[in-house]
Novice: 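Here's a structure for you.
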Amino acid sequence: MKGKAMPTLKKRLRRRRLGGTPRFFLWISPWVIGFVLLTLLPLLGSLYVSFTEWKIVSDPVWVGLANYKELFTEEIFLKSLRVTFLYCAMTIPVNMVLSLATAMLLNGDLPYSGILRTIYYMPCVVSSVAAALLWSYIFNYRFGLINQLLSLIGVEGPNWLGDERWSLAALAIMSLWGIGGGIVIYLAGLQTVPQHLHEAARLAGAGWWRRLFTITLPSMSPILLFQLLTNIIGGLQTFTSGYLITDGGPNNSTMFYALYLYKNAFQYHKMGKACAMAWILFIIIMVLSFLVMKVSAPMVYYENDGGEDD
Amino acid sequence: MKKRHVQFFARYGVILLFAVTMLVPFFWMIITSFKDPVKVFERPMNWWVDSFDFSNYLKFFTDYDGWRYIWNTVRLCAINIVGVVVSNAIVAYAVAFMKFRYKKIIMVLLLITMMMPGTVTFFPQFIVYVKLGWYGTLMPLWVPAFLGNAYYIFLLRQYYLTIPQPILDAARVAGCGHFRLLWQIVVPMAKPVFIIMVLNTFISVWSDLFGPLIYILNEKDRTFPVLLSYMNSSYGNAGTLPSIMAGGILSAIPTLLVYFIGQKAMIKAYVFKSGDK
């Protein structure tokens with residue numbers, strides 16, 4: 001951008017025809033209302049509530065940092081943090097590698113590729129309730145599909161959901177069923193990899209791995225970064241499987257952060273504590289996203305760098 | 001040539017193996033939905049069905065009043081789709097084409113909202129709805145759709161900016177106002193993104209458990225996923241499993257169809273380079 005250059009006559013005319021500021025605000029007003037009502041107000045309101053004790057029926061009572069202090073000395077809260085981070089560490093790398101690899105295998109002309117893609121995407125469209133129920137039976141100690149298959153090769157499977165050493169792993173395995181969402185994004189990303197570079201590299205004698213690391217991955221780096229961020233943000237908010245399948249148990253081994261937040265809000269009716277938890281999560285996510293972007297900045301390649309907004 | 005064949009079969013083999021693994025749970029779901037409730041937990045497991053008996057599906061409609069809940073969900077999907085299309089089309093148009101000196105601030109706010117984790121705002125939003133007196137009505141489940149979605153606004157803006165300038169100029173010279181320009185030229189040209197928005201909205205509203213679970217107090221207004229979760233918890237035993245699986249399959253069919261139809265548009269909409277303006 002050239003900064004404050006004099007607008008040309010043509011530009012000035014267009015600006016006049018396009019109308020001035022009031023019309024702009026009228027047109028974006030739905031979003032402004034939404035932003036204030038659904039983001040700004042809840043966020044600031046919850047910051048206030050997080051410093052109070054509030055049981056909905058009575059007025060909030062200011063308690064300062066008490067909610068935060070209580071949380072950080074609480075066994076379950078700390079455990080929910082550990083469980084959530086552990087779950088992210090287990091699922092995100094596997095999920096990313098597996099869905100990228102599958103997308104690369106699926107890319108290009110393959111017979112029945114439309115059907116195959118749909119198969120991979122299918123788990124993402126099953127209602128979370130049906131999926132949760134399905135998997136709780138798949139992991140069943142006695143009749144479950146997994147343990148039946150394991151018994152075929154003479155291994156006695158663990159009590160997946162009833163044993164605190166295995167429950168989180170079980171939910172992590174289940175999450176791999178949903179890699180289809182990532183595959184769709186990676187498939188789209190693979191279309192943007194410049195083919196002429198591949199041809200040139202191939203002619204120059206570069207092998208498949210070499211091309212993967214010097215062409216495919218670098219040109220997909222913005223998408224990889226985007227996926228990493230989405231996965232982290234999504235992973236830290238994992239809720240459904242813990243809520244529907246294990247209800248946080250056994251022994252809080254699947255008490256995800258979001259699940260504990262939900263329980264504080266809607267079961268124990270501790271509004272102040274729930275709001276404090278929301279804010280802590282918000283800060284964790286912001287800090288992590290910032291770190292990821294900072295660290296990855298030199299590694300991400302944008303084809304049109306400096307594409308400024310007008 | 002030979003090596004290429006081997007490579008192809010190896011690649012295809014891996015894809016098929018993965019695909020089969022993904023399908024096994026589905027397969028189990030389907031055969032369970034046809035099983036006699038008494039025989040669900042036979043050991044060794046019966047990998048096929050005795051007969052294709054649709055009684056579990058029928059039970060879903062007769063015993064659990066499935067139609068009512070399907071209709072409730074369809075209704076909610078429709079109004080959400082209308083809201084998402086109209087609000088985002090308009091807001092993105094303003095952000096893309098209208099002049100405003102502090103547009104950068106708007107873009108930053110959009111990005112921040114986009115990154116705002118749902119879990120963080122969900123509960124505070126609940127408090128806002130309670131204060132507004134919307135708790136107990138269906139409004140929290142559809143009004144937000146009419147208030148724009150930062151992600152779609154962003155996606156649409158990027159796509160709008162790829163529309164060739166001469167086309168827009170020609171329309172303006174021909175006397176097109178903002179509204180006509182938007183509905184007759186810009187929206188049709190951004191069709192792939194709108195298809196994605198419609199499909200995504202359908203899928204997310206159709207399968208959303210959480211919002212309806214919190215906000216719907218009247219048993220008659222419950223949605224399909226809420227019904228499934230109640231079937232599980234209130235009747236929760238092996239006897240209802242086949243009916244729940246039948247319901248699960250029924251709930252997956254529309255979304256699968258939607259995905260199959262929208263697949264091409266989906267890839268088209270995500271493949272555009274941010275720089276092409």
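Protein chains get the first letters and strands the later ones, always in sequence-line order, with residue 1 at the start of each. Owing to the predicted nature of the structure, the values given are computational and were not obtained by experimental measurement. Worth knowing before you read on, the calculation uses all heavy atoms, side chains too, and leaves out hydrogens, waters and symmetry mates.
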Novice: With a 4.5 angstrom heavy-atom cut-off, which part of A:Ile28 approaches chain B: side chain, backbone, both or neither?
Specialist: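 Contact with chain B: backbone and side chain both.
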Novice: Check each atom of B:Ile15 against the heavy atoms of chain A and say whether the ones under 4.5 Å are side chain, backbone, both or neither.
Specialist: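 Contact with chain A: backbone and side chain both.
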Novice: Which region of B:Met245, side chain (C-beta onward) or backbone (N, CA, C, O), has a non-hydrogen atom less than 4.5 Å from a non-hydrogen atom of chain A, or is it both or neither?
Specialist: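 For B:Met245, the side chain is the part near chain A, not the backbone.
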Novice: Checking A:Met286 against chain B: side chain, backbone, both or neither under 4.5 Å from a heavy atom?
Specialist: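 Side chain only.
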Novice: With only heavy atoms counted, which part of B:Phe179 is less than 4.5 Å from chain A, the side chain, the backbone, both or neither?
Specialist: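 It is both, since atoms from each part get that close.
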Novice: Is A:Tyr257 close to chain B through its backbone or its side chain, or both, or neither, when contacts mean heavy atoms under 4.5 Å?
Specialist: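 Neither part, no heavy atoms under 4.5 Å.
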Novice: Which answer fits B:Leu110, side chain, backbone, both or neither, if we ask what part of it has an atom under 4.5 Å from a heavy atom of chain A?
Specialist: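 Contact with chain A: backbone and side chain both.
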Novice: Check for me whether the distance between the ring centres of A:Phe24 and A:Trp27 falls short of 6.0 Å.
Specialist: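 Between A:Phe24 and A:Trp27, the centre distance exceeds or equals 6.0 Å.
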Novice: Side chain from CB out, backbone as N, CA, C, O: work out which of these in A:Leu133 comes under 4.5 Å of a heavy atom of chain B, or both, or neither.
Specialist: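 Contact with chain B involves both backbone and side-chain atoms of A:Leu133.
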Novice: Using the ring-ring contact (aromatic ring centres under 6.0 Å, His included) rule, pick out the option among B:Phe123, B:Tyr135, B:Tyr215 that qualifies with B:Tyr129.
Specialist: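 Result for ring-ring contact (aromatic ring centres under 6.0 Å, His included) with B:Tyr129: B:Tyr215.
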Novice: Students often mix this up, so state it plainly: with edges at 30° and 60°, are the rings of A:Tyr262 and A:Phe239 parallel, tilted or perpendicular?
Specialist: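 Rings of A:Tyr262 and A:Phe239: perpendicular, as their planes differ by over 60°.
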Novice: Report which part of A:Ile285 has an atom under 4.5 Å of a heavy atom belonging to chain B: side chain, backbone, both, or neither.
Specialist: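 A:Ile285 touches chain B through side-chain heavy atoms alone.
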Novice: Does the side chain of A:Ser80 come within less than 4.5 Å of A:Leu259's, by heavy atoms?
Specialist: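 A:Leu259 does not reach A:Ser80 side chain to side chain.
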Novice: Under a 4.5 Å heavy-atom cut-off, does chain B meet the side chain of A:Met174, its backbone, both or neither?
Specialist: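 The answer is neither part of A:Met174.
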Novice: Please report whether the ring centroid of A:Tyr243 lies less than 6.0 Å from that of A:Phe256.
Specialist: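 No, ring centres 6.0 Å or more apart.
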Novice: Checking heavy atoms, do the side chain of B:Leu227, its backbone, both or neither come under 4.5 Å from chain A?
Specialist: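 It is neither, since no heavy atom gets under 4.5 Å.
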Novice: Nearest 0.5 Å, what's the CG-CH2 distance between B:Asn149 and A:Trp31?
Specialist: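 CH2 of A:Trp31 is found 11.5 Å from CG of B:Asn149.
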Novice: Select one option (side chain, backbone, both, neither) describing which atoms of B:Ile153 are under 4.5 Å from chain A's heavy atoms.
Specialist: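 It is the side chain, since no backbone atom gets that close.
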Novice: For A:Phe282, is it the side chain, the backbone, both, or neither that has a heavy atom closer than 4.5 Å to a heavy atom of chain B?
Specialist: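 Both backbone and side chain.
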Novice: Non-hydrogen atoms of chain A under 4.5 Å away: do they reach the side chain of B:Ile249, the backbone, both or neither?
Specialist: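 Neither part.
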Novice: Need one label for A:Ile223: side chain, backbone, both or neither, based on atoms under 4.5 Å from any heavy atom in chain B.
Specialist: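 For A:Ile223, there is no contact with chain B at all, as no heavy atom is under 4.5 Å.
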Novice: Answer with yes or no whether the side chains of A:Trp279 and A:Ser46 bring together a donor and an acceptor at under 3.5 Å.
Specialist: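 A:Ser46 vs A:Trp279: donor-acceptor pair found between side chains.
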Novice: Does any backbone or side-chain atom of B:Phe122 lie under 4.5 Å from a heavy atom of chain A? Answer side chain, backbone, both or neither.
Specialist: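 Side chain only.
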Novice: Using heavy-atom distances under 4.5 Å, tell me whether A:Thr230 contacts chain B through its side chain, its backbone, both, or neither.
Specialist: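 When you check distances to chain B, no heavy atom of A:Thr230 falls under 4.5 Å.
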Novice: Measuring heavy-atom distances to chain B, does A:Trp208 have an atom under 4.5 Å in its side chain, in its backbone, in both, or in neither?
Specialist: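 Neither part; nothing is under 4.5 Å.
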Novice: With a 4.5 angstrom heavy-atom cut-off, which part of A:Thr118 approaches chain B: side chain, backbone, both or neither?
Specialist: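 Both backbone and side chain of A:Thr118 come within 4.5 Å of chain B.
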Novice: To the nearest 0.5 Å, what is the distance between CH2 on A:Trp54 and SG on A:Cys275?
Specialist: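 SG of A:Cys275 is found 8.0 Å from CH2 of A:Trp54.
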Novice: Would you mind checking which part of B:Phe18 comes under 4.5 Å of any heavy atom in chain A, side chain (CB onward), backbone (N, CA, C, O), both or neither?
Specialist: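 Both parts, backbone and side chain.
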Novice: Could you tell me which portion of B:Leu168 (side chain, backbone, both or neither) has an atom closer than 4.5 angstrom to a non-hydrogen atom of chain A?
Specialist: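 Answer is neither: B:Leu168 stays 4.5 Å or more from chain A.
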Novice: Let me know if B:Ile127 has heavy atoms under 4.5 Å from chain A in its side chain, its backbone, both or neither.
Specialist: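 The answer is the side chain of B:Ile127.
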Novice: How many angstroms lie between CD1 in A:Ile245 and CZ in A:Phe139, if you round to the nearest 0.5 Å?
Specialist: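 So the CD1 of A:Ile245 and the CZ of A:Phe139 are separated by 7.5 Å.
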Novice: Side chain, backbone, both or neither: which part of A:Leu261 has an atom under 4.5 Å from a heavy atom of chain B?
Specialist: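 Answer is side chain: those atoms of A:Leu261 sit under 4.5 Å from chain B.
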